[in-house]
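First comes the structure, then the notes that go with it.
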Amino acid sequence: MTAQLLNIDQRLRSHKARRILLVEDHDLNRMLLSDYLSYSGYDVQSLSEGSTFFSTIEKFEPDLILLDLKLPDIDGYSLLKQVQEKPDLSKIPIIVVSAFAFKADQELALSLGACHYFVKPLKLKDLILTIEEQFTCGNR
């Protein structure tokens, strides 16, 4: 019986949680999203600005990125464009979560490589479903 429990425990620990990089400058939004994603079983690293975006990607190796477009130090569109210019990073799915509600903003983000666009405030359940869809459709 103990051996069976140890085997189950080892299998659970060996299951690697999907890593999500959250880039959100608003403290409360970042904390709520990070906590919800962690509670949902993801390994989350969060940033409040874009200055360490690429070094964090290199160290953390995210499976997916959640990106706000309005950051204090860099435009989120610029980050999208830079990611697409790097072949090793362009395979990472990026979901934009932004207050920019205009269709032109959504179209631009999607044309720059975002795979999905959510307008704040968002339904967390929809976000999780979209994240899972990205992971199950063979993206990374």
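We number each residue from 1, following the sequence as shown.
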**Prompt:** L67 versus V97: any side-chain heavy-atom pair under 4.5 Å?
**Reply:** no
**Flag side-chain contact, heavy atom, 4.5 Å: I131 against L129** = no
**Prompt:** Out of curiosity, I95 CD1 to L127 CG, how far, rounded to the nearest 0.5 Å?
**Reply:** 6.0 Å
**Asked** Roughly how far, to the nearest 0.5 Å, is CD of Q84 from CG of L79?
**Response** 11.5 Å
**Student check: side-chain heavy atoms of L47 and L21 closer than 4.5 Å** = yes
**Prompt:** Do the non-hydrogen side-chain atoms of R18 and V44 ever get within less than 4.5 Å of each other?
**Reply:** no
**Request:** Could you tell me which non-hydrogen atom of T52 sits nearest to which non-hydrogen atom of S55, and how far apart they are?
**Result:** O-OG, 3.1 Å
**Request:** Verify side chain to side chain contact (heavy atoms under 4.5 Å, CB included) between V83 and L80, making sure each step is shown before the conclusion.
**Result:** CA-CA 5 Å; V83 165; L80 275 170; 5.9 Å; no
**Prompt:** What residues, two or more places apart in sequence or in another chain, satisfy side chain to side chain contact (heavy atoms under 4.5 Å, CB included) together with P72?
**Reply:** D25, E49
**Audit row: D75, L69, side chain to side chain contact (heavy atoms under 4.5 Å, CB included) steps and yes/no** = CA-CA 6 Å; D75 185 293; L69 294 176; 5.8 Å; no
**Fill in**
Output for pair (L89 CG, K91 NZ), nearest 0.5 Å, gives 9.5 Å
**Fill in**
Taken in chain and number order and not counting sequence neighbours, the residues that satisfy side chain to side chain donor-acceptor pair (under 3.5 Å) with Q45 are none
Under 3.5 Å donor-acceptor pairs involving side-chain atoms of residues 33-43, not counting sequence neighbours:
unit_1, atom_1, unit_2, atom_2, d
S38, OG, S34, O, 3.0
S40, OG, Y36, O, 2.9
Y42, OH, E132, OE2, 2.3

**Asked** What pairs of residues pass the ring pair (Phe, Tyr, Trp, His ring centres under 6.0 Å) test when at least one of them lies in residues 50-75, not counting sequence neighbours?
**Response** none
**Item:** Fellow cluster residues of L28, listed by chain then number, with links counted only when side-chain atoms sit under 4.5 Å apart
**Value:** M31, L32
**Prompt:** Do S98 and K70 have side chains that get closer than 4.5 Å, going by heavy atoms?
**Reply:** no
**Request:** Any chance you could measure R19, atom CZ, to I92, atom CD1, to the nearest 0.5 Å?
**Result:** 9.5 Å
**Message:** Is any side-chain heavy atom of V23 closer than 4.5 Å to one of T56?
**Reply:** no
List the atom pairs, donor and acceptor, that lie under 3.5 Å between side-chain atoms in residues 107-121 and the rest of the protein, sequence neighbours left out.
unit_1, atom_1, unit_2, atom_2, d
S111, OG, E107, O, 3.4
S111, OG, L108, O, 2.8
Y117, OH, F100, O, 2.7
K120, NZ, E24, OE1, 2.7
K120, NZ, E24, OE2, 3.3
K120, NZ, D68, OD2, 3.4

**Item:** Shortest non-hydrogen separation from A101 to Q106 and the atoms involved
**Value:** O-NE2, 3.5 Å
**Asked** To the nearest 0.5 Å, how far apart are CG in D63 and CD1 in I20?
**Response** 8.0 Å
**Prompt:** Rounded to the nearest 0.5 Å, how far does CG of L22 lie from OG of S46?
**Reply:** 5.5 Å
